[in-house]
Protein chains: 2
Amino acid sequence: MRKVPEEMATKMMAAADLFAERGLDGTKTEDIAAATGVPKATIYYYFEGKEEVLSFIFSAVLAAVGEAVEAALRSPGTAAERLSAVIDAHLHVFALHPKASQALHFDLGRAARLPEIRTQTNAAFIDPVASLLAQGARDGSLRAVGNPRLTAVAILGAVSTSAIHVLALDTGDPVLSLTRVITPLVLNGLRPEGGNQ
Amino acid sequence: MRKVPEEMATKMMAAADLFAERGLDGTKTEDIAAATGVPKATIYYYFEGKEEVLSFIFSAVLAAVGEAVEAALRSPGTAAERLSAVIDAHLHVFALHPKASQALHFDLGRAARLPEIRTQTNAAFIDPVASLLAQGARDGSLRAVGNPRLTAVAILGAVSTSAIHVLALDTGDPVLSLTRVITPLVLNGLRPEGGNQ
DNA sequence: GGGGACTTTGGACTACGGTTCCAAACTAAC
DNA sequence: GTTAGTTTGGAACCGTAGTCCAAAGTCCCC
């Protein structure tokens with residue numbers, strides 16, 4: 001993949017709508033060209049194919065998740081409080097890029113087979129949350145768990161599955177309100193023995 | 001879709017491996033024919049195309065989930081205990097049909113666009129769990145939650161995302177051992193106010 | 001202001017694979 | 001033994017992802 005210029009990158013994000021609506025294979029390269037205003041030949045000049053366009057969009061979303069999560073990690077407070085901030089940050093990205101997020105979730109198989117996407121998912125969410133869980137065990141704000149990484153994956157699953165669910169239902173429910181469902185579930189779930197909040 | 005005879009149905013399940021490995025589009029109809037031993041023309045006699053083969057397999061898995069969950073629902077005990085049984089039952093299905101489950105998760109987009117699959121997911125998991133949560137609030141074994149349905153979706157997400165994660169990593173970890181990660185997370189997360197287990 | 005390197009684009013073309021079609025053989029029922 | 005349904009190989013059709021190319025445009029350096 002050639003280095004994608006700023007303007008091209010912006011235009012390409014319009015393809016997220018198509019991918020979210022119809023999936024990668026339901027989307028013709030011509031459609032991408034039409035939706036983004038970038039002619040097919042030009043798309044192929046920059047990308048190896050439509051799968052690479054998809055992964056380009058995914059990368060952008062994952063970068064946004066990564067930044068949001070990182071900022072939340074640096075917020076003040078106990079590990080438990082920061083975990084709650086991370087969940088909110090994650091939900092914010094869904095709210096900000098609903099179509100791209102849906103595309104990411106729906107073409108998960110495609111995505112998961114791309115190594116950079118996999119490492120980016122780890123780096124953006126799983127690693128930070130896993131280490132946060134370890135910190136929580138140390139500072140006493142969270143219960144120690146047997147497998148922090150798997151626990152992080154479970155949290156990721158809970159957040160993203162329900163966010164996608166809400167986006168797909170498309171009742172006007174703001175995704176952010178999910179925090180009222182998820183955060184107590186997770187924080188109580190990881191509440192230190194005997195503790196109460 | 002014509003009524004699929006028993007033997008054909010059994011053979012077709014072999015296609016799950018392909019779908020899990022390469023996804024629907026990475027799988028050629030010829031490959032399906034080769035893997036199942038059913039010639040292409042015969043496949044087209046019974047199914048409208050490969051997407052219908054996929055959805056046939058998904059339906060089978062979801063039916064298995066539905067049965068397992070229903071059995072768990074009928075087990076004795078408080079709602080909390082039955083919720084724990086439901087999670088185990090769900091994990092059992094992943095352990096029993098790993099490839100088909102992976103295919104289901106990876107080609108989720110395809111699946112989610114098929115109305116029967118969507119209703120089957122609701123019927124097999126979301127509805128029962130949501131009503132279990134309501135029961136738990138009544139029998140006092142679980143905290144009352146604002147939105148039982150969304151909470152059920154979050155639980156579903158936690159279970160399936162981490163199960164897929166374990167299956168994909170393909171370290172010999174048995175999927176069933178996930179119960180030690182998920183069940184405490186969920187049950188503590190839904191523990192009634194002030195209660196301890 | 002001319003030349004080289006890179007970018008942009010239209011349009012023709014290729015190749016692959018999903019799907020359709022068909023006709024011959026087979027099976028089962030009555 | 002006739003009819004209805006099934007099974008299959010093989011050929012054909014067709015849409016579309018991806019390739020190729022050549023003409024034009026842009027940018028920068030001298």
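A, B, ... follow the sequence lines: proteins, then strands. Residue 1 opens every chain. Only this structure's heavy atoms are used, side chains among them; waters, hydrogens and symmetry mates stay out. Being a predicted model, the structure only gives us computed values, none of them experimental.
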Nearest 0.5 Å please: distance from the OH atom of A/Tyr46 over to the NZ atom of A/Lys3. 9.0 Å
May I ask you to evaluate whether A/Arg2 reaches the phosphate of C/dT7, defined as a side-chain N or O under 4.0 Å from OP1 or OP2? yes
Output the distance between atom CZ (B/Phe125) and atom CD1 (B/Ile155), rounded to the nearest 0.5 Å. 6.5 Å
In whole Å, what is the span from the CD1 atom of B/Ile43 to the P atom of C/dG17? 16 Å
NZ/NE/NH1/NH2 to OD/OE distance under 4.0 Å, A/Arg110 and A/Asp25: yes
When rounded to the nearest 0.5 angstrom, what is the spacing between CZ in A/Arg180 and CG in B/Asn147? 10.0 Å
Would you please confirm or rule out a distance under 4.0 Å between OP1 or OP2 of C/dC6 and any side-chain N or O of A/Tyr45? no
Nearest to the side chain of A/Tyr46 - C/dT8, C/dG18, C/dG10? C/dT8
Could you check how far CG of B/Leu24 sits from P of C/dG17, rounded to whole Å? 14 Å
Pair of N/O donor and acceptor under 3.5 Å linking D/dG18 base with A/Lys40 side chain: yes
Is A/Thr29 near enough to D/dT16 that one of its side-chain N or O atoms lies under 4.0 angstrom from OP1 or OP2? no
Among the nucleotides C/dG18, C/dG10, D/dG10, which one has an atom lying closest to any side-chain atom of B/Ala41? D/dG10
Separation of atom CE in B/Met8 from atom P in D/dT8, rounded to whole Å: 7 Å
Quick check: on DNA chain D, is the nucleotide nearest A/Glu48 upstream (toward 5') of the one nearest A/Lys28, or the reverse? Name the residue that is more 5'. A/Lys28
With a 4.0 Å limit, can you tell me whether B/Tyr44 has a side-chain N or O closer than that to the phosphate oxygens OP1/OP2 of D/dT7? no
